[in-house]
J.: 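I'd like to ask you about the structure that follows.
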Number of protein chains: 2
Amino acid sequence: MSSLVERLRGRKWRMTPQRRVIAETLDCGEHVHYTAEDILNRASVHMPEISRATVYNTLNDLVSLGEVLEVSVDGRSKRYDPNIHHDHEHLVCDACGAVRDVHIDGDALSLLSPQESHGFLVTEAKVTYRGICPDCQGRS
Amino acid sequence: MSSLVERLRGRKWRMTPQRRVIAETLDCGEHVHYTAEDILNRASVHMPEISRATVYNTLNDLVSLGEVLEVSVDGRSKRYDPNIHHDHEHLVCDACGAVRDVHIDGDALSLLSPQESHGFLVTEAKVTYRGICPDCQGRS
DNA sequence: CTCCCTGCAAATCCTTTGCATACCC
DNA sequence: GGGTATGCAAAGGATTTGCAGGGAG
């Protein structure tokens with residue numbers, strides 16, 4: 001599977017230094033997803049002048065392009081998931097809010113019986129697992 | 001199952017007119033969950049002077065008490081679910097953001113194999129179904 | 001009578017937007 | 001060079017908080 005940067009280049013997306021740094025930062029967190037603020041902080045290490053607005057704009061562009069997924073697990077900041085080409089679910093730490101990808105065996109869609117759909121046209125099922133991550137277990 | 005208002009009375013929670021109206025409003029949406037702003041609007045019908053801060057404070061208190069669940073399905077506003085005493089999952093409309101409860105047959109926790117837990121102490125699995133609600137299907 | 005809930009307004013957090021400039025293609 | 005991404009700062013929506021007064025127990 002190609003990296004996000006490679007895929008974007010392939011789609012002839014206008015590439016700028018800022019956008020490259022953001023895409024690379026997203027790829028680094030392929031299994032642990034960051035908030036916009038996280039991305040800004042990490043990108044700033046390699047490019048101190050990068051602006052908050054550019055990070056937000058770029059993340060929204062990537063979501064619109066369908067190359068990155070927006071994940072909301074708490075009411076606070078959204079997180080961004082670059083790993084859209086593998087089907088997966090999310091595992092959230094109740095202590096620190098970290099989010100990582102996991103793979104499951106079955107299909108959660110099949111757990112919903114037709115009469116429980118209440119007239120909705122149901123297209124997707126996502127499972128969110130919650131618990132305490134290894135780091136936070138150690139800290140307790 | 002007792003209503004939210006009855007349970008709160010039983011827990012000797014300090015009851016005020018504002019809090020009663022908020023709790024009753026939550027109970028009205030037992031299967032369709034509201035945002036804080038929704039609650040404010042609906043409560044205002046019965047009590048026009050009620051303040052936004054009181055609604056937010058009260059909702060947070062109820063979440064802390066464990067009597068109401070906070071639900072985040074998009075990056076926008078949180079929604080509040082008073083139906084914590086029945087195990088259930090959520091069905092979200094991608095068009096209007098409405099959230100309602102559904103019941104499923106199996107258990108999503110069992111879909112996660114131990115080696116996929118990545119060291120997390122996993123305590124909960126929640127499925128979020130997405131689709132288009134009957135109202136929005138009609139509107140399209 | 002005491003404590004804490006309420007309402008108001010200001011503050012805070014996260015995110016978006018307007019505009020002039022810079023730079024990718 | 002044209003069009004668009006960038007950076008800054010200000011605006012915007014959602015939620016929280018400080019403080020004075022009022023009402024529940």
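All chains are named by letter (A, B, ...) in the order of the sequence lines, taking the proteins before the strands, and each is independently numbered beginning at 1.
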J.: Using the closest heavy atom to pick a nucleotide of DNA chain C for each, name whichever of A/T35 or A/P17 lands nearer the 5' end.
T.: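 Upstream on the strand: A/T35.
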
J.: Quickly work out the A/K12 NZ to C/dC25 C1' distance and round it to whole Å.
T.: 12 Å

J.: Pick base, sugar-phosphate or nothing for A/N60, based on heavy-atom distances below 4.0 Å to the nucleic acid.
T.: sugar-phosphate

J.: Output the rounded distance in Å from CH2 (A/W13) to P (C/dC23).
T.: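 From A/W13 CH2 to C/dC23 P: 18 Å.
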
J.: Just checking A/T58: base, sugar-phosphate only, or nothing, at a heavy-atom cut-off of under 4.0 Å?
T.: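 A/T58: backbone/sugar contact only, no base atoms under 4.0 Å.
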
J.: Aromatic ring centroids of A/H31 and A/H33 under 6.0 Å?
T.: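 No, they do not, as the ring centres are separated by 6.0 Å or more.
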
J.: Specify the separation, in whole Å, of atom CG of B/N57 and atom P of D/dA14.
T.: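 The distance from CG of B/N57 to P of D/dA14 comes to 18 Å, rounded to the nearest Å.
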
J.: So B/E37, base contact, sugar-phosphate only, or nothing? Heavy-atom distance under 4.0 Å.
T.: nothing

J.: Using atom CE of A/M15 as one end and atom P of D/dT4 as the other, report the distance to the nearest whole Å.
T.: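 Interatomic distance, CE of A/M15 to P of D/dT4: 17 Å.
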
J.: Check for a donor-acceptor pair, side chain of A/Q137 on one end and backbone N or O of A/I132 on the other, with a separation under 3.5 Å.
T.: yes

J.: Phosphate oxygens OP1/OP2 of C/dT15: is one of them under 4.0 Å from a side-chain N or O of A/Y56?
T.: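 Answer is yes, contact under 4.0 Å.
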
J.: Applying side chain to side chain contact (heavy atoms under 4.5 Å, CB included) to B/R52 and B/Y56, what does each step give before you reach the verdict?
T.: CA-CA 6 Å; B/R52 172 172 281 99; B/Y56 278 98; 3.5 Å; yes

J.: Think A/S51 has a side-chain N or O under 4.0 angstrom from the OP1 or OP2 of D/dT6?
T.: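 For D/dT6, OP1/OP2 do not have a side-chain N/O of A/S51 under 4.0 Å.
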
J.: Per the atom types in the model, does the base of C/dC24 pair as donor or acceptor with the side chain of A/R14 at under 3.5 Å?
T.: yes

J.: Distance check: side-chain N/O of B/T16 vs OP1/OP2 of C/dT6, anything under 4.0 Å?
T.: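 Yes, such a contact exists.
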
J.: Rounded to the Å, how far apart are A/I50 CD1 and D/dA5 C1'?
T.: 11 Å

J.: Nearest whole angstrom, please: distance from the C1' of D/dA14 to the CD of B/E70.
T.: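 Going from B/E70 (CD) to D/dA14 (C1'), I get 12 Å.
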
J.: Can you tell me the distance, in whole Å, between the CZ atom of A/R52 and the C1' atom of D/dA5?
T.: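 Distance check: A/R52 CZ to D/dA5 C1' gives 18 Å.
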
J.: Which whole-number value in Å describes the distance from B/L40 CG to D/dA14 P?
T.: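 Nearest whole value for this atom pair: 12 Å.
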
J.: Begin with the C-alpha distance, continue with both residues' side-chain angles, and end with the deciding distance and a verdict on salt bridge (charged side-chain N to carboxylate O under 4.0 Å, His left out) for B/R19 and B/D61.
T.: CA-CA 10 Å; B/R19 289 180 166 194; B/D61 289 350; 3.3 Å; yes

J.: Looking at A/Q18, I'd like to know whether one of its side-chain N or O atoms comes within less than 4.0 Å of OP1 or OP2 on C/dC24.
T.: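 Result: no.
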
J.: What does B/R19 touch in the nucleic acid at a heavy-atom separation under 4.0 angstrom: a base, only the sugar-phosphate, or nothing?
T.: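 Answer is sugar-phosphate: B/R19 comes under 4.0 Å of backbone atoms only.
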
J.: Determine, step by step, whether B/T35 and B/D38 satisfy the side chain to side chain donor-acceptor pair (under 3.5 Å) criterion, reporting the C-alpha distance in whole Å, the side-chain angles of both residues, the deciding distance to 0.1 Å, and the verdict.
T.: CA-CA 5 Å; B/T35 62; B/D38 291 340; 3.2 Å; yes

